[in-house]
Amino acid sequence: MSHLRNIVILTGAGVSAESGIDTFRDANDGRGGLWEQHRVEDVATPEAFARNPGLVQRFYDMRRAAIQTKQPNAAHHALARLEAQWRGGTVTLITQNVDDLHDRAGSHNLIHMHGEHLSVWCTACDTRHRWTAPLIDGPACPTCARPALRPDIVWFGEVPYRMDDIHQAMRDVDLFVSIGTSGAVYPAAGLVRMARDLGAQTLELNLERSQGSAWFHESRFGPATQVVPVWVD
Ligand code: BV8
């Protein structure tokens, strides 16, 4: 990989699957991305939040509580090692995941394009805070004291975070690696095409074929805790 200077990595729920965090659409779990019989696409939207805030707050309180009990796995650690050891270029890690397993594994050049489960956003005074208590209990905003906190997570129909930083990283990409994502959701799923248009090498590391597999020069299939360390090391 020595001639490949700038690496951009995109991760999805599959990189956290072996840490015990449910993916959204995994056929394997038989639920196909359902939660309490709700499709994630139906819960992770501003309309759902306006219609039934309690349902959405409960969904995220449940996800947050589950994530707290999980640990980074060998794939998260391998990606942090790559960033620490890479010389002569940059490693940018873009994640679609709202969990903090990349953070806890030690990745620093990290873009959470769909937000973070440990952050809450006050829609009254537009400030962001570290999550401290279940939102279903209606905690007051630390800044304006109003009970207007929502998950600081990008829902369907909302604009992903740090798109400028993402496009900046993609401008100089030599190698684009997609790990553990179904390629179902845009604009994340469109990044591989951007990489190809920019003449970069593209590699997919996933459990199985994804909706984007055809766009990659190479795909390696297997569990992330096996295929990612092999690729990094
Ligand atoms: C936007 C946060 C404009 C929430 C998420 C038609 C109608 C309406 C909208 C659209 C439309 N067409 C396109 C859109 C836009 C829409 C979209 O793409 N919809 C899809 C459903 C068609 N996108 C949006 O609304 C986005 N915003 O477009 O704004 C815009 C655009 C550009 C610039 C400016 C403005 C916002 C989308 C963000 C939604 N929020 N997450 C939460 O987490 O609760 S999406 C969520 O699903 C994830 O974040 C991720 O992005 C997405 C896909 O999930 P994956 O991570 O891929 O997980 P999945 O379960 O699907 O797949 C797991 C994969 O891992 C599988 O391939 C599996 O094989 C593999 N795997 C499993 N185990 C392992 C493994 N791999 C390795 N090892 C293992 N052990």
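Start at 1 and go down the list; that is how both ligands and their atoms are numbered. What you are looking at is a predicted structure, and each value in this text was computed from that prediction instead of being measured.
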Can you tell me how the ring of Tyr60 sits relative to the ring of Trp155, calling it parallel under 30°, perpendicular over 60° and tilted otherwise? tilted
Where the closest heavy atom to [atom] is concerned, which of [options] has it?
atom	options	answer
atom 37 (C) of ligand 1	Asn206, Leu10, Val185, Val98	Val185
atom 71 (N) of ligand 1	Ala13, Ser182, Gly14	Gly14
atom 44 (O) of ligand 1	Phe24, Phe156, Tyr60	Tyr60
atom 50 (C) of ligand 1	Arg63, Gln96, Glu158	Gln96
atom 49 (O) of ligand 1	His167, Gln211, His114, Glu18	His114

Under 4.0 Å from a heavy atom of [X]: give me the atoms of ligand 1 that qualify, with their elements.
X	answer
Gly157	24 (C), 25 (O)
Gly180	63 (C), 64 (C), 65 (O), 76 (N)
Gly12	56 (O)
Ala184	20 (C), 22 (C)
Pro223	78 (N)
Trp155	36 (C), 39 (C)

Flag for [Y]-[X]: side-chain donor and acceptor within less than 3.5 Å:
X	Y	value
His76	Ser16	yes
His217	Thr202	yes
Thr11	Gln96	no

Below 4.0 Å from any atom of ligand 1, is there a heavy atom belonging to Ser210? no
Short N/O distance, under 3.5 Å, between [X] and ligand 1?
X	value
Val159	no
Ala224	yes
Tyr186	yes
Glu208	yes
Ala44	no

Taking all non-hydrogen atoms of both residues into account, name the closest pair between Ile9 and Ile179 and its distance. CG2-CD1, 3.7 Å
Grab the two heavy atoms, one from Ser182 and one from Ser210, that are nearest each other, plus how far apart they are. O-CB, 3.6 Å
Would you please name every residue forming a salt bridge (charged side-chain N to carboxylate O under 4.0 Å, His left out) with Arg196, sequence neighbours left out? none
List the residues meeting salt bridge (charged side-chain N to carboxylate O under 4.0 Å, His left out) with Arg63, not counting sequence neighbours, and say none if there are none. none
Any side-chain heavy atom of Leu205 within less than 4.5 Å of one from Arg220? yes
In this structure, are over 12 heavy atoms from other groups packed under 6.0 Å from His108 atom NE2? no
Would you call Arg81-Asp233 a salt bridge at under 4.0 Å N-O? yes
